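Structure first, commentary second.
All values below were derived from every heavy atom in this structure, side-chain atoms included, with hydrogens, water molecules and symmetry-related copies excluded. These numbers come from a predicted model, not from an experiment. In this chain, numbering begins with 1 at the start of the sequence shown. Start at 1 and go down the list; that is how both ligands and their atoms are numbered.
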Amino acid sequence: MVAARESKAASGTAQQVDVAVVGAGFAGLYLLHRLRKSGLTAVALEEAGDVGGTWYWNRYPGARCDIQTIDYSYTFDPELDNAWTWSEKYATQPEILRYLGFVADRYDLRRDIRFKTKVTEAKWDEATERWQLTTSSGTPVSCRHYIMATGCLSAPKPPEIDGVKDFEGKVYFTGRWPHDGVDLAGKRVAVIGTGSSAIQSIPLIAEQAAHLTVFQRTPNFALPAHNGPSPSDRMDIFQSDRAAYREQARQSMTGVPYPQQTVVSWQLSDAERRERFERAWAAGDLVHILTQLWADQGVDFNGNALIGELIREKIGAAVKDPETAAALMPHDHPFGAKRPCLDTNYYATYNRPNVTLVNLRQEPIKAITANSITTARRSVDVDVIVFATGFDAMTGAIRAVHPITGRGGKSLTDVWAQGPQTYLGVTVEGFPNFFMITGPGSPSVLSNMAVSIEQHVDWVVDRIAALRDAGFTTIEPTETAQAGWGRHMTDCSMVTLHRLANTWYTGANVPGKVQGLMPYTGGVGPYRSICDEITARGMLGFRLT
Ligand code: FAD
């Protein structure tokens, strides 16, 4: 089979393009548009049946963004920005998917996307200085540049529980929810996991199910969404000068236009801190609570602990049963060191008579049988299991293309055996003309990804076009530059509290995954400045041939 594919490629039947893009989500769509505008031929290869990426796959009840949608949008074209109006502060998955479809139509992108096509292998051919991609749909691709826009949260993590295969009821994954929906009315449902997708879906599942049992290993902080129309104060700032608003987001720490706080926690009295916290809680804005309470909240353990206490107080007030409330209170990580979630009736749902929380820290799951889940203390009969067990984040989708073979036959899996090594989170030494959008080592999941994606895409496409214009054929980071970026990543992470939490940011949620903080913690604006400086200094840290 492999030989057949190779001969097909060798005999010239491979699709020949300047650039192959893998993925047709936020990143892949903008890439196609930018590549075309730069006069490069391109194809996008997408496993799904249509555009949307995250928003194509995650159709579970309650799926929404958690960055306000006026910020979680493309900004590259002011006319596009004007042409679309979001109906809510936090748009639902169907609305975001419609938006991405609208973008695909507006720029006529689908004609260069091969849907239901999975890239399975990628090989750098030294002789031709081109990548050869093997695809699930037959026709391989030969390209000068290979860009993985495969997403940070696109490889669902398989459940680690024995006996799943013995279960005779229905099994669903939030990250692969059926397109025609699921009728849970009258069913005994189990949700396993209490991350963001679970916290969004649990209130809606509880409304339908006869009984819902939630199996929780680690509680998360959840903050009220107070969803509704976009807040008028934000809209006024946005409408008064959209260009300035967008620019401020690009230069900010998180990709959302908020200023850096300068007042630290100990400069405020208890009453002043509470007042700030209550105002933020009432606003229902994740980024506000994450960044705007006091300047030391993300870097000083004590300044951070104050917020954890205030949120635990809120959980205690929202959940009537003290034992359930206690189980829902996170104690194992600083607030913000793990991505907090947005709550629309999440805590209140545990006051319903048809909802039970099982604390797996006290009673781990022992087995799943044909019709039940058994813990150390009880057996729960269920008709449906919903796995909301998260993703093999940041590297999962990249490593799933196996092997990716670079210079000298080196495979990316081997090169990353001790964890991902990158230059800027975008390129890897030994893998010429290979790019990742929001790869490990970039701000990615610590940012408003729409802003980070646009920055990456602009930078990568501009570099490819400049390379072509200057008559070069390859670009690759040096070993020294890559090692330097690794040291810079570590330095930055030492001043934040992320290192104190075992999370999907560090790979801790995937058994056997090498642990280390994968996103860059230095901030979106500073990261952009570094990329621009590298360009201005003659592609510092890159080797061009
Ligand atoms: P994706 O949207 O993940 O698209 C990648 C695509 O690549 C997928 O369609 C996948 O099928 C395809 N693909 C992967 N591997 C292959 C392969 N080998 N061959 C072919 N195709 C392949 N971010 C925010 O900033 N704000 C939010 O509010 C927010 N909410 C989120 C809510 C949920 C439920 C989830 C899961 C994520 C959320 N994110 C949010 C993160 C979100 O993933 C990004 O914002 C953004 O959608 C990523 O776009 P992307 O194009 O980089 O990747």
Ligand 1 to K118, heavy atom cutoff 4.0 Å, flagged ligand atoms 19 (N), 20 (C)
Atom pair CG/OG1 of L100 and T54 - distance to nearest 0.5 Å:
9.5 Å
Which of the numbered atoms in ligand 1 are under 4.0 angstrom from any heavy atom belonging to V22?
16 (C), 17 (C), 19 (N), 20 (C), 21 (N), 22 (C)
From CA spacing to verdict: side-chain hydrogen bond (donor to acceptor under 3.5 Å, both in side chains), Q68, D285
CA-CA 8 Å; Q68 292 195 26; D285 182 343; 3.2 Å; yes
Ring-ring centroid check Y146 W131, cutoff 6.0 Å
yes
Which residue and non-hydrogen atom of the protein lie closest to atom 21 (N) of ligand 1, and at what distance in Å?
E47 N, 3.1 Å
Please could you name the atoms of ligand 1 that G23 approaches to less than 4.0 Å, counting only its heavy atoms?
6 (C), 7 (O), 12 (C)
With the threshold set at under 4.0 angstrom, would you say S447 reaches ligand 1 through any of its heavy atoms?
yes
Are any of the N or O atoms of T54 closer than 3.5 Å to those of ligand 1?
yes
Show the atoms of ligand 1 that are less than 4.0 angstrom away from any heavy atom in F26.
47 (O), 49 (O), 51 (O)
Backbone or side-chain N or O of M449 under 3.5 Å from ligand 1 N or O:
yes
Which ligand 1 atoms are under 4.0 Å away from a heavy-atom of S154?
3 (O)
Within a strict 4.5 Å, meaning less than it, do heavy atoms of the N502 and Q515 side chains meet?
yes
Determine, using heavy atoms of A149 and all atoms of ligand 1, whether some pair is separated by less than 4.0 Å.
yes
Can you list, pair by pair, the side-chain donor-acceptor contacts under 3.5 Å of residues 523-532, counting residues two or more places apart and other chains?
unit_1 : atom_1 : unit_2 : atom_2 : d
Y527   : OH     : L424   : O      : 2.6
Y527   : OH     : H456   : NE2    : 3.2
R528   : NE     : R250   : O      : 3.3
S529   : OG     : G525   : O      : 3.2

Classify the contact between I453 and ligand 1 as side chain, backbone, both or neither, using a heavy-atom distance cut-off of under 4.0 Å.
side chain
Check if L45 has a non-hydrogen atom at a distance under 4.0 Å from any atom of ligand 1.
yes
To the nearest 0.1 Å, how far is atom 41 (C) of ligand 1 from its closest protein heavy atom, and which atom is that?
L153 CD1, 4.1 Å
Honestly, for V401 the part within reach of ligand 1 (heavy atoms, under 4.0 Å) is side chain
Answer with side chain, backbone, both or neither: which part of W57 has a heavy atom less than 4.0 angstrom from an atom of ligand 1?
side chain
Starting from atom 6 (C) of ligand 1, find the nearest protein heavy-atom neighbour and note its residue, name and distance.
E46 OE1, 3.4 Å
Give a yes/no verdict on whether any heavy atom in T120 is under 4.0 Å from an atom of ligand 1.
no
Give the atom numbers and elements of ligand 1 that come within less than 4.0 Å of a heavy atom of F391.
36 (C)
So, do W84 and Y99 have ring centers that fall under 6.0 Å from each other?
yes
Geometric cation-pi criterion R463 and W459, 6.0 Å radius, 45° cone
yes
Which residue holds the protein heavy atom closest to atom 19 (N) of ligand 1, what is that atom called, and what is the gap in Å?
V119 N, 2.9 Å
List the closest protein heavy-atom neighbour of atom 53 (O) of ligand 1: residue, atom name, distance to the nearest 0.1 Å.
G151 CA, 3.1 Å
Before you tell me yes or no, could you show the steps for Y56 and H179 under ring-ring contact (aromatic ring centres under 6.0 Å, His included), namely the whole-Å CA-CA distance, both residues' side-chain angles and the distance that decides it to 0.1 Å?
CA-CA 9 Å; Y56 174 91; H179 287 197; 4.9 Å; yes
Ranked by distance from atom 4 (O) of ligand 1, the top protein heavy atom is G53 CA, 3.4 Å
Tell me which one of V384, I205, V386 satisfies side chain to side chain contact (heavy atoms under 4.5 Å, CB included) with L212.
I205
Atom 15 (N) of ligand 1: closest protein heavy atom, distance to 0.1 Å, is T150 CG2, 3.4 Å
Enumerated ligand 1 atoms positioned under 4.0 Å from heavy atoms of D66
26 (N), 27 (C), 28 (O), 29 (C)
Ring centroids only, cut at 6.0 angstrom: are F26 and Y72 within range, meaning strictly under it?
yes
Flag the pair P61 / E207 as yes when at least one side-chain heavy-atom distance between them is below 4.5 Å, and no otherwise.
no
Less than 4.5 Å apart, side chain to side chain, heavy atoms only: is that true for E46 and V51?
no
Compute the centroid of each ring, for F76 and then for Y30, and state whether the two points are separated by less than 6.0 Å.
yes
Side chain, backbone, both or neither: which applies to W55 and ligand 1 if a contact is any heavy-atom pair less than 4.0 Å apart?
side chain
Please, which pairs that meet side-chain hydrogen bond (donor to acceptor under 3.5 Å, both in side chains) have at least one residue in residues 102-113, sequence neighbours excluded?
R36-D112, D50-R110, D77-Y107, D105-R110, D108-R111
Does ligand 1 have any atom sitting under 4.0 Å from a heavy atom of Y72?
yes
Mind checking whether R234 and S230 have side chains closer than 4.5 Å, heavy atoms only?
no
Please classify the Y60 to ligand 1 contact at 4.0 Å (heavy-atom distances, strictly less than): side chain, backbone, both or neither.
side chain
Pairwise side-chain contact, P140 with Q132, heavy-atom cut-off 4.5 Å (strictly under)
no
Regarding atom 52 (O) of ligand 1: of the candidates A27, P156, C65, which has the closest heavy atom?
A27
Looking at I67, T135, I398, N58, the heavy atom closest to atom 26 (N) of ligand 1 belongs to I67
